[in-house]
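Structure record follows, encoded as structure tokens.
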Amino acid sequence: MNDTAAAFHTAFGYPPEGVWTAPGRINLIGEHTDYNDGYVLPIALSQALTAAAARRTDGRVRFRSLQSPEGFDGRLADLAPGSTPAWVAYPAGALWAAAEAGTRVDGLDLLVDSTIPAGAGLSSSAALVCATLLAATGLHGSATPLEKVARLAQRAENTFVGMPCGIMDQAASLLSVEGHALFLDTRTLVAEPVPFAPREHGLALLVIDTRAPHRLVESAYADRRRSCEEAARALGVAALRDVTESGLGSALAALPEGAVRHRVRHVVTENARVLAAADLLRAGDVRSVGPLLTASHASLRDDYEVSVPEVDAAVDAALAAGALGARITGGGFGGCVIALVEADGRETCSAAVRTAYRERGFTAPAVFEAAPAAGAHRVHPA
Ligand code: ADP
Ligand code: MG
């Protein structure tokens, strides 16, 4: 029995029927493009959330987390947006979204354990929702295509939790392939794993958790999303994905001067950078992705305005220490930075970032190397 199964047994007094795991993710490139129907290129991490579960036949649900003292006991039929406390909204939202969509789910006992730091921009929330959905649909015999699970998971976060996120996090957690990045068209959910094994090229991808306090994340995220939707309407397109780089000049001229032009320029150029990065990875040229990362950061900092001093300090220090490229990853206003570095320059880069933080009085960052991992799957019984 694995550790999560043992913890389930202790919590509920009987063994689980199965254990599922869903990874966290970082996004190599393609930021704030998913809610514009655009392209993203995330990587699943070896940090993951594990869920042990068993069916119940009385319509009741019980949720436990080894990361939270607060549990939940209730009835599936009573789950509704706003009805549950804090973290419980994620697994509750997962079951609610499945039931709403007519996918057969019933009562469930669920216990989760996780190595993904929560709230760091590594998508612990999507891992929690995705693992819950796989457990519930797997146990209740309503096995569901992963693309549909991703849409249910997004609906759980959008409608039940109230976070207007796009679909990247859920798709990355579900569809990723070990040793690959996931090139995803968020309009169609057509996903192509492209080889991404930095170590084979003498490189390493560092993840720097800035541990900066999240500021205004949800309101600013919703504000950016609204600007993009308004711009798409003004331009007469379904989404900003439909504005190409060659059409950018005339699109900008058709919009009022000011912030909206900058937002549109970010989305359009970022989509082009994702396409270029995917081409480079297909050709096995990991090294040349570096400058695209740095260009993405400049666009997010200057045009999309989602960076903060801690994030810029990590990017600048990594580049000064010889990184091939570095950028903010995730929604912004804190969270993580990624840096593509020579494998033998990892320590130099980490030390440079730590020194920069100490000099500015920022909380010490956490640094780890990303190892592109597999997407969510059942681990027990295998
Ligand atoms: P991120 O997805 O980047 O980690 P979010 O703010 O979207 O950040 O999601 C974090 C939230 O997800 C936590 O505040 C908590 O409610 C929930 N969560 C994540 N992991 C766990 C866990 N292991 N146990 C309980 N709740 C969790
Ligand atoms: Mg999240």
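All values below come from the heavy atoms of this structure, side chains included, with hydrogens, waters and symmetry mates left out. Both counts, for ligands and for their atoms, begin at 1 and track the order of listing. Remember, predicted model here, so these are calculated numbers, not experimental data.
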N or O contacts of ligand 1 with protein under 3.5 Å, please list pair by pair.
{"residue": "ligand 1", "atom": "2 (O)", "partner": "S124", "partner atom": "N", "Å": "3.2"}
{"residue": "ligand 1", "atom": "2 (O)", "partner": "S125", "partner atom": "N", "Å": "3.1"}
{"residue": "ligand 1", "atom": "2 (O)", "partner": "S125", "partner atom": "OG", "Å": "2.9"}
{"residue": "ligand 1", "atom": "3 (O)", "partner": "G121", "partner atom": "N", "Å": "3.0"}
{"residue": "ligand 1", "atom": "3 (O)", "partner": "S123", "partner atom": "N", "Å": "3.3"}
{"residue": "ligand 1", "atom": "4 (O)", "partner": "G119", "partner atom": "N", "Å": "2.8"}
{"residue": "ligand 1", "atom": "4 (O)", "partner": "S124", "partner atom": "N", "Å": "3.1"}
{"residue": "ligand 1", "atom": "4 (O)", "partner": "S124", "partner atom": "OG", "Å": "2.6"}
{"residue": "ligand 1", "atom": "7 (O)", "partner": "S125", "partner atom": "OG", "Å": "3.1"}
{"residue": "ligand 1", "atom": "8 (O)", "partner": "G119", "partner atom": "N", "Å": "3.4"}
{"residue": "ligand 1", "atom": "23 (N)", "partner": "Q67", "partner atom": "OE1", "Å": "2.9"}
{"residue": "ligand 1", "atom": "24 (N)", "partner": "S65", "partner atom": "OG", "Å": "2.6"}

Does the Lys NZ or Arg CZ of R282 fall within the cation-pi geometry relative to F183 - under 6.0 Å from the ring centre and within 45° of the axis?
yes
So, do R25 and S173 sit near enough that their side-chain heavy atoms are less than 4.5 Å apart?
no
Under 3.5 Å, side chain of R263 to main-chain N/O of R224, donor-acceptor pair present?
no
D113 side-chain N/O to Q67 backbone N/O, donor-acceptor pair under 3.5 Å:
no
Which class fits the ring pair F8 and Y14: parallel under 30°, tilted 30 to 60°, perpendicular over 60°?
perpendicular
Do the ring planes of Y304 and H266 sit parallel (below 30°), tilted (30 to 60°) or perpendicular (above 60°)?
tilted
Do any of the N/O/S atoms of S123, backbone or side chain, fall under 2.8 Å from the Mg ion (ligand 2)?
no
